[in-house]
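Reviewing the structure listed below.
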Amino acid sequence: MSVVVRFAPSPTGFLHLGGARTALFNWLYARHCGGRYLLRIEDTDRARSTPAAIEAILEGLRWLGLEGDEPPVFQSTRFARHREVAERLLAEGKAYRCWCTPEELEAMRARARAEGRPVRYDRRCRERPADFRRPGVQPVVRLKVPTEGETVIEDLVQGTVRIANAQLDDMVLLRSDGTPTYMLSVVVDDHDMGITHVIRGDDHLTNAFRQLQLYRAMGVEPPAFAHIPLIHGPDGTKLSKRHGAVSLLEYREMGFLPEAMRNYLVRLGWSLGDREILTTEEMIRHFDIRDVGRSPARFDMDRLLHLNAHWLRQKPADELVRLVEPFLRRLGLELDETGRRRLLEGMAELVVRARTLVELAQGARIYVAPRPLQPDAKAMKFLGEEQRARLARLRAVLAATEPWTPEHLEEVCRAFAAREGVGFGKIAQPLRAALTGTTVSPPIFEVMRVLGREEVLARLDDAVAGQHAAAQQSP
RNA sequence: GUCCCCAUCGUCUAGUGGUCAGGACACCAGCCUUUCAAGCUGGAAACGCGGGUUCGAUUCCCGCUGGGGACGCCA
C-alpha cells in the first residue's frame, strides 16, 4: 500500500516551529516511502481563520521546502460532505441530537470539576425520543461512543496506548448552526483523501481515541497513527510566544537557512547514531517515523545557531552574496558593483565569523558602507592624535608598496612597526579602526587585499584628517 | 481533579542484562594569533528515587517523585 500523509495546519495563526517539524516529519516519511505528502488547511473555524494566516503558513512551508505534492485542500469547501456523514450516522442511530445549551454544559463541567469527577458530558440527551424538541434550542449532533470496554491504539511512535471507553466523551459532530466540528472534519477528510498515516503532535493523542470511534461508526478502516512529542520551550513547557520567536518565518528574518532549520528540527526526537550534521538527502534515506523518540525536546537556540553557522559555510560565495543582500538593505546598505565584488572576494573570511545572515550582513558592512566610515566608540579609541600621525606615516609607505598582497603588506607593516619602535599590535588595531571603523574584523591584510590600494589609502586619509569624528558628529 | 505520555551530562541525543556510559551544542583551560572568529588539544558534566527479577541492572517489571499533554458547539 502506498503511503499518503498530510500536514493539516489550522490557519488561526502563523506556522509554528512545532508545526514545521510535524510537516517535516510527514514530508520525510512520504519521501522515504515514495509516497505522497498533502496539505490541508483546517479552516472549519471560519471566524478565526484568515487569508493572511493561510498565506503566511504556505509561505513558511515553501521556504522550508515542504510544499505539498498537490494544491492544498481547504476543509471549509467540504462542509456538505461532512454534514452528509453526520446525517447518515444520525439516520443509522450512531449519533443523536443533543439539546443541552452551552450554559448547561459549562455548569455541568464546573460541577464535575468541583466534585473532582472526570469532566465530561453526561449523555443526558442520548436516549431521548427521536421527536424530542426543546423550544428555542438548536441541537448539536453527538456521536454515540461505547461506554464500556476499551479503545486501543497501536501508535507508531507511542506504542500501544489504551484507554477505557468510559473516559471517552460523546463528542459533538455538528454544531447547532449545522457546521461540522474539527473532530468530524479530520476524520472524513483523512478518509476521503486516502490518508494512510496520520503524523501529528502528541497533543492530539487523546483525540485519536475519539476519532477511532468515529472511524468505526462510519464503518471505515482507520489510518495508522504516529503522535510525535511536542517541542518545548527552554523551560520545559509547551513552546509559545512567551519563549520568544515561535513563528517559522521569524527564523527566516533572523537569518537562518532552511537547510539548517531542517537539520535542527529533524534531530529533535530523531537521530542517526552520532550524526549531527545531516543533508536532506540523508534524512530522506534514513528517516522512519518508527524511530522517533517519545520524550519531548526543549528548544535550544545555541544549537540552532551552530548548525546554521555550519550550513552557511557550505554555501558558495556568490550565493551568500545573494542571500545577504536583503539583510544589508535592512541596514540601509545597497550593493553596487564594487560592494558586490568586494563581498565575493572577502566572503570566505566573512562567513566564518557569522552564524546567521544577520551577523553576516553586520560583518559585511566594512566592505559595503560608504566613505567616510563612522567608527564605533571602541574604534575611536584607536584613532587618537598620536595614532593618526603614525597612520599618516604608514600611509606614505603603503602608497608605494608593491606587490599589494597580504603577505607582502604584512612584511611591510611589521618592518614599519619596528622602525616606529612599537609592537605590531600598536599598528594593527589603529589600522583596523581606520580601515573598517570597528575593532573586530577579518585579518587586516585580508581586508586590505579586498579593499585594494586606492580604497585603503582613501580610508586612511579620512582617518588621518579626522573625518571620522566629523562624520560622527553630523549624521 | 480525571485520563494519557515522558524520564541518560545544563541542552539535543547514542547505547547495552556485564561499556572507562559515547557524540554534539553550550561551558572552562591551553595552543594558534594583528582583533574577532574558525581550527586543534585537553577538562568538567548524566543513567531522578525506592523496591523487585537476575550471578549482575542505566537497560526488564512495579511504585514514588518530577515534568509534560489532553479534558470546548477551538483546531
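Note on naming: letters A, B, ... go to the chains in the order of the sequence lines (proteins, then strands), and numbering restarts at 1 for each one. Atoms considered below: every heavy atom in the structure, side chains included; atoms not considered: hydrogens, waters and symmetry mates.
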| query | With rounding to whole Å, what would you report as the distance between B/G22 and B/C6 at their C1' atoms? | reply | 23 Å
| message | Can you tell me if A/S271 touches the phosphate of B/A14, counting only side-chain N or O atoms and a distance under 4.0 Å to OP1 or OP2? | response | yes
| said: For the C1' atoms, the ones on B/C25 and on B/G63, what distance do you get once it is rounded to whole angstrom? | reply: 36 Å
| Base, sugar-phosphate, or nothing for A/R109, non-hydrogen atoms under 4.0 angstrom? | sugar-phosphate
| request: Tell whether A/R353 reaches the base of B/C36 with its side chain through a donor-acceptor pair below 3.5 angstrom. | output: yes
| said: If we check salt bridge (charged side-chain N to carboxylate O under 4.0 Å, His left out) with A/D189, which of these qualifies: A/R78, A/R6, A/R81? | reply: A/R78
| field | A/R432 and A/Q429: side chain donor to acceptor below 3.5 Å | value | yes
| A/D170 and its side-chain hydrogen bond (donor to acceptor under 3.5 Å, both in side chains) partner, picked from A/R142, A/R120, A/R123 | A/R123
| Expressed in whole Å, how much space separates the C1' atoms belonging to B/U13 and B/G72? | 37 Å
| task | Scan A/F299 against the nucleic acid and name what it touches under 4.0 Å (heavy atoms): base, sugar-phosphate only, or nothing. | result | nothing
| Given RNA chain B, 5'-ward residue of the pair A/R313 and A/A428, judged by closest heavy atom | A/A428
| message | Can you check the distance between B/G66 and B/G48, where both ends of the measurement are the P atom (answer in whole Å)? | response | 16 Å
| said: Would you measure the distance from the C1' atom in B/C61 across to the matching atom in B/U54 and give it in whole Å? | reply: 12 Å
| said: Could you tell me how far apart A/I277 (CD1) and B/C25 (P) are, to the nearest whole angstrom? | reply: 8 Å
| task | Would you mind telling me which of B/A75, B/C5, B/G72 lies closest to the side-chain atoms of A/Q158? | result | B/C5
| request: For the pair A/V157 and A/H227, evaluate side chain to side chain contact (heavy atoms under 4.5 Å, CB included) and give the outcome as yes or no after the intermediate values. | output: CA-CA 6 Å; A/V157 169; A/H227 288 92; 5.7 Å; no
| said: If you compare every side-chain N and O of A/R294 against the phosphate oxygens of B/C6 (OP1, OP2), does one of them come in below 4.0 Å? | reply: yes
| field | Considering all heavy atoms, the nearest A/F209-A/T151 contact | value | CE2-O, 3.6 Å
| Nearest-Å distance for atom pair CG/P, residues A/D302 and B/C25 | 11 Å
| query | Does B/C25 have a Watson-Crick or wobble partner in any strand here, with both distances under 3.5 angstrom, and which is it? | reply | B/G10
| query | How would you label the contact of A/P234 with the nucleic acid (heavy atoms, under 4.0 Å): base, sugar-phosphate, or nothing? | reply | nothing
| query | Expressed as a whole number of Å, how far does the C1' atom of B/U58 sit from that of B/A7? | reply | 12 Å
| message | Say we look at B/A57 and B/G15: how far apart would their C1' atoms be, to the nearest angstrom? | response | 14 Å
| When we call it a touch if two heavy atoms are under 4.0 Å apart, what does A/V172 touch: a base, just sugar-phosphate, or nothing? | sugar-phosphate
| query | Looking for any heavy atom pair under 4.0 Å, which part of the strands does A/N207 touch: base, sugar-phosphate only, or nothing? | reply | base
| remark: Whole-Å distance, A/E349 CD to B/U35 C1', equals 13 Å
| task | Classify the nucleic acid contact of A/H227 as base, sugar-phosphate or nothing, counting any heavy atom under 4.0 Å across all strands shown. | result | nothing
| request: Scan A/R298 against the nucleic acid and name what it touches under 4.0 Å (heavy atoms): base, sugar-phosphate only, or nothing. | output: sugar-phosphate
| query | Can you tell me the Watson-Crick or wobble partner of B/U53, both distances under 3.5 angstrom? | reply | none
| said: What contact category does A/L205 fall into here, base, sugar-phosphate, or nothing, at under 4.0 angstrom with non-hydrogen atoms? | reply: sugar-phosphate
| query | Is there a donor and acceptor pair, one atom on the side chain of A/R432 and one on the base of B/U34, closer than 3.5 Å? | reply | yes
| task | Would you indicate what A/V161 reaches in the nucleic acid, counting non-hydrogen atoms under 4.0 angstrom: base, sugar-phosphate, or nothing? | result | sugar-phosphate
| task | Compare side-chain N and O positions of A/K238 against OP1 and OP2 of B/A70 and report whether any pair is under 4.0 Å apart. | result | yes
| Can you check the A/R303 CZ to B/C25 C1' distance for me, whole Å? | 6 Å
| query | Looking at A/R142, does any N or O in its side chain come under 4.0 Å of the phosphate oxygens OP1/OP2 on B/C73? | reply | yes
| request: Measure across A/Y121 and A/D169 and return the closest heavy-atom pair with its distance rounded to 0.1 Å. | output: N-OD1, 3.1 Å
| Closest to the A/L268 side chain: B/C12, B/U2, B/A7? | B/C12
| When only distance counts, do a donor and an acceptor, one from the side chain of A/D202 and one from the base of B/G69, lie under 3.5 Å apart? | no
| task | Could you check how far CD1 of A/I163 sits from C1' of B/C71, rounded to whole Å? | result | 10 Å
| task | Please give the nucleotide sitting opposite B/A38 as a Watson-Crick or G-U wobble pair, both distances under 3.5 Å, or none. | result | none
| With no hydrogens and no angle check, do the side chains of A/T438 and A/D376 hold a donor and an acceptor under 3.5 Å apart? | no
| field | No-H, no-angle donor-acceptor pair, A/S176 side chain to B/C73 base, under 3.5 Å | value | yes
| Rounded distance in Å - CZ (A/R275) to C1' (B/G22) | 16 Å
| Just checking, A/R128 and A/F132: is the charged tip under 6.0 Å from the six-membered ring centre and within 45° of the axis? | yes
| Looking for any heavy atom pair under 4.0 Å, which part of the strands does A/G269 touch: base, sugar-phosphate only, or nothing? | sugar-phosphate
| task | Would you mind classifying the nucleic acid contact of A/T237 as base, sugar-phosphate or nothing, using non-hydrogen atoms under 4.0 angstrom? | result | sugar-phosphate
| task | Ignoring backbone atoms, establish whether A/R414 has a side-chain N or O less than 4.0 Å from OP1 or OP2 of B/U34. | result | yes
| remark: Atom CG of A/L168 and atom P of B/C4 are separated, to the nearest Å, by 12 Å
| message | One thing to verify: whether A/D190 and A/R40 come together as a salt bridge, which I'm taking to mean a side-chain N less than 4.0 angstrom from a carboxylate O. | response | yes
| request: With heavy atoms under 4.0 Å as the rule, sort A/G236 into base, sugar-phosphate or nothing. | output: sugar-phosphate
| request: Write down the distance separating the P atoms in B/C71 and B/G56, rounded off to the nearest Å. | output: 46 Å
| query | Between A/E276 and A/G273, which is nearer to the 5' end of RNA chain B once each is assigned its nearest nucleotide? | reply | A/G273
| said: Does B/U35 have OP1 or OP2 under 4.0 Å away from a side-chain N or O of A/S441? | reply: no
| query | Given that both distances must come in under 3.5 Å, which nucleotide forms a Watson-Crick or G-U wobble pair with B/G1? | reply | B/C71
| remark: Whole-Å distance, A/L307 CG to B/U13 P, equals 13 Å
